[in-house]
2 protein chains.
Amino acid sequence: MKLNIDPDSSVPIYIQIEDRIHSMIAAGQLQPGEQLPTIRELAADIRVNLNTVARAYIELDREGVISTQRGRGTFVSDVPNKKQRERKRQKLLQSIVENALEETHHLGYSAEEIKKAFAEQLSKLPEKREEKLS
Amino acid sequence: MKLNIDPDSSVPIYIQIEDRIHSMIAAGQLQPGEQLPTIRELAADIRVNLNTVARAYIELDREGVISTQRGRGTFVSDVPNKKQRERKRQKLLQSIVENALEETHHLGYSAEEIKKAFAEQLSKLPEKREEKLS
DNA sequence: GGGAATGTAATAAATAACTATTACAATAGG
DNA sequence: CCTATTGTAATAGTTATTTATTACATTCCC
């Protein structure tokens with residue numbers, strides 16, 4: 001579980017956890033039925049209080065995307081069918097790309113510039129597996 | 001001045017203001033010498049307390065990107081030369097695209113998928129000038 | 001049954017962000 | 001000089017996030 005949590009970010013840690021798990025499920029990196037790290041495990045892992053992780057899990061449980069069972073653990077919920085999962089996976093990708101393009105466009109960059117920047121960055125992708133976001 | 005501030009975001013409003021102004025300057029939408037909205041104007045505009053805008057302006061002033069003068073107003077600082085500005089403009093674009101690609105890649109999307117999603121979104125760009133970010 | 005591991009809960013304290021309010025200081029313009 | 005407009009400042013109060021601590025409830029396994 002590499003959550004990439006940033007404790008110095010201004011977005012609350014429990015929200016970051018929710019977002020990451022949401023994304024990982026949508027992207028298929030967490031499969032239905034799979035067990036998530038223990039609250040205490042994850043808390044120790046990202047150096048955060050137990051309550052903070054618990055809060056994230058509780059919210060995700062309320063939404064139905066995970067299922068927490070005291071004494072047993074926490075598991076990714078089952079999801080209707082493959083088509084829906086695939087649709088969500090596509091939607092997630094689209095929204096990430098779309099938001100980035102909206103931002104560049106809003107700032108007045110031309111389609112040409114954007115296209116070029118994208119092509120450059122994409123060509124670098126394979127060599128950049130483990131790099132961190134600033 | 002369309003700052004696109006989201007009062008419900010978990011990132012602090014004064015940080016959002018700083019970020020937007022940074023970006024607009026880097027992108028060339030705010031020119032050196034240009035006057036920024038009054039603290040009270042901007043506060044009223046985005047429905048926020050005067051202190052919140054003041055805080056953002058003070059920080060930006062400390063960084064030197066704007067120059068605040070009591071009794072007169074706030075202005076975009078002069079910047080060394082055109083080449084440096086153009087370099088910053090390029091860097092901003094790169095970082096936006098790069099961050100988005102990092103995220104998709106981190107979530108396991110293939111270069112093919114990403115490329116396709118990007119091409120689709122880019123083709124829609126021209127018709128989406130005034131759309132808001134969710 | 002007993003113990004270890006799990007999630008759940010409650011309380012208190014610290015910090016940060018934001019608001020509201022009021023006042024002050026410098027500049028521009030009549 | 002007077003007044004309006006600008007940025008600056010200080011105080012107090014509210015809310016949200018996070019931590020620390022302690023305890024409880026359920027499940028599993030021996």
Side-chain angles (χ1 to χ4, degrees), chain A residues 1 3-22 25 30 32-78, chain B residues 1 3-22 25 30 32-78:
Chain A
M1 278 286 280
L3 284 216
N4 262 66
I5 299 301
D6 177 8
D8 296 328
S9 165
S10 51
V11 10
I13 297 170
Y14 79 96
I15 299 275
Q16 290 184 54
I17 297 173
E18 289 179 43
D19 287 346
R20 294 303 294 165
I21 292 179
H22 265 136
I25 291 177
L30 284 175
E34 190 173 343
Q35 179 166 18
L36 293 169
T38 292
I39 280 180
R40 288 173 178 81
E41 269 178 16
L42 186 50
D45 186 12
I46 62 183
R47 311 294 191 77
V48 130
N49 191 271
L50 178 158
N51 297 317
T52 305
V53 178
R55 182 168 180 181
Y57 276 21
I58 286 170
E59 299 248 340
L60 289 166
D61 182 277
R62 280 213 193 92
E63 298 173 26
V65 306
I66 68 178
S67 162
T68 66
Q69 297 160 34
R70 81 163 61 177
R72 299 197 58 239
T74 307
F75 306 86
V76 177
S77 295
D78 285 338
Chain B
M1 277 287 280
L3 284 215
N4 261 63
I5 298 302
D6 177 7
D8 296 328
S9 165
S10 51
V11 11
I13 296 170
Y14 78 96
I15 298 275
Q16 291 185 54
I17 297 174
E18 289 180 43
D19 287 346
R20 294 304 293 169
I21 292 179
H22 266 135
I25 291 177
L30 283 175
E34 190 172 342
Q35 178 165 19
L36 292 169
T38 292
I39 281 182
R40 288 174 176 81
E41 268 177 17
L42 186 49
D45 185 12
I46 63 184
R47 310 296 191 76
V48 131
N49 191 272
L50 178 157
N51 297 317
T52 305
V53 177
R55 183 168 179 182
Y57 276 20
I58 286 170
E59 298 251 339
L60 289 166
D61 181 277
R62 281 215 192 92
E63 297 173 26
V65 305
I66 67 179
S67 162
T68 64
Q69 296 160 33
R70 80 163 62 177
R72 298 197 58 242
T74 307
F75 306 85
V76 178
S77 293
D78 285 339

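First the proteins, then the strands, lettered A, B, ... as listed; each starts at 1. Computed from a predicted structure; not experimentally measured.
As judged by a 4.0 angstrom heavy-atom cut-off over every strand, Ser10(B) is placed among residues making no nucleic acid contact.
Rounded to a whole Å, the CG atom of Leu50(A) is 15 Å from the P atom of dA23(D). Here dT6(C) presents its P atom at 13 Å from CZ of Arg72(A), a figure rounded to the nearest Å. Atoms CD (Gln35(B)) and P (dT27(C)) sit 15 Å apart, rounded to a whole Å. Distance CG (Leu42(B)) to P (dT6(D)): 12 Å, rounded to an integer number of Å. In this structure, the CD1 atom of Ile15(A) is 7 Å from the P atom of dT17(D), given to the nearest Å. Between the CZ atom of Arg70(B) and the P atom of dA23(C) there is a distance of 17 Å, rounded to whole Å. With rounding to whole Å, Ile39(A) atom CD1 is found 10 Å from dA9(C) atom P. Remark: C1' of dA20(D) and CZ of Arg47(A) are 17 Å apart, rounded to the nearest angstrom.
Donor-acceptor pairing under 3.5 Å, judged by distance alone, is present between the side chain of Arg40(B) and the base of dG7(D).
Residue-to-nucleotide proximity on DNA chain D shows that, of Ile13(A) and Glu41(B), the 5′-proximal contact is made by Glu41(B).
Nearest to the side chain of Tyr14(A), among dT19(D), dA26(C), dT17(D), sits dT17(D). Counting only heavy atoms from C-beta on, Asn49(B) has its side chain closest to dA20(C) among dA20(C), dT6(D), dA26(C). Distances were taken from every side-chain heavy atom of Pro12(B) (C-beta onward) to each of dG7(D), dG7(C), dA17(C); the shortest belongs to dA17(C).
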Check against side-chain contact (heavy atoms from CB on, under 4.5 Å), His22(B) and Leu60(B)
CA-CA 8 Å; His22(B) 266 135; Leu60(B) 289 166; 3.8 Å; yes
Worked verdict on Tyr57(B) versus Ile21(B) for side-chain contact (heavy atoms from CB on, under 4.5 Å):
CA-CA 10 Å; Tyr57(B) 276 20; Ile21(B) 292 179; 3.9 Å; yes
Would you check, one step at a time, whether the test side-chain contact (heavy atoms from CB on, under 4.5 Å) holds for Ile66(A) with Leu30(A)?
CA-CA 11 Å; Ile66(A) 68 178; Leu30(A) 284 175; over 6 Å; no
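Thr74(A) places no side-chain N or O within 3.5 Å of a backbone atom of Leu36(A) that could act as its donor or acceptor partner. Checked by atom type and distance alone, the side chain of Ser9(B) pairs as donor or acceptor with a backbone atom of Val11(B) at under 3.5 Å.
Within the 4.5 Å cutoff, the side chain of Thr52(B) has no heavy atoms near those of the Ile46(B) side chain. When side chains are defined from C-beta on, Asn4(B) does not count as touching Gln16(B), because their heavy atoms never get closer than 4.5 Å.
Listed by residue number, Asn51(B), Ile58(B), Thr68(B), Gln69(B) are the residues of residues 51-69 of chain B with a heavy-atom contact under 4.0 Å to DNA chain D.
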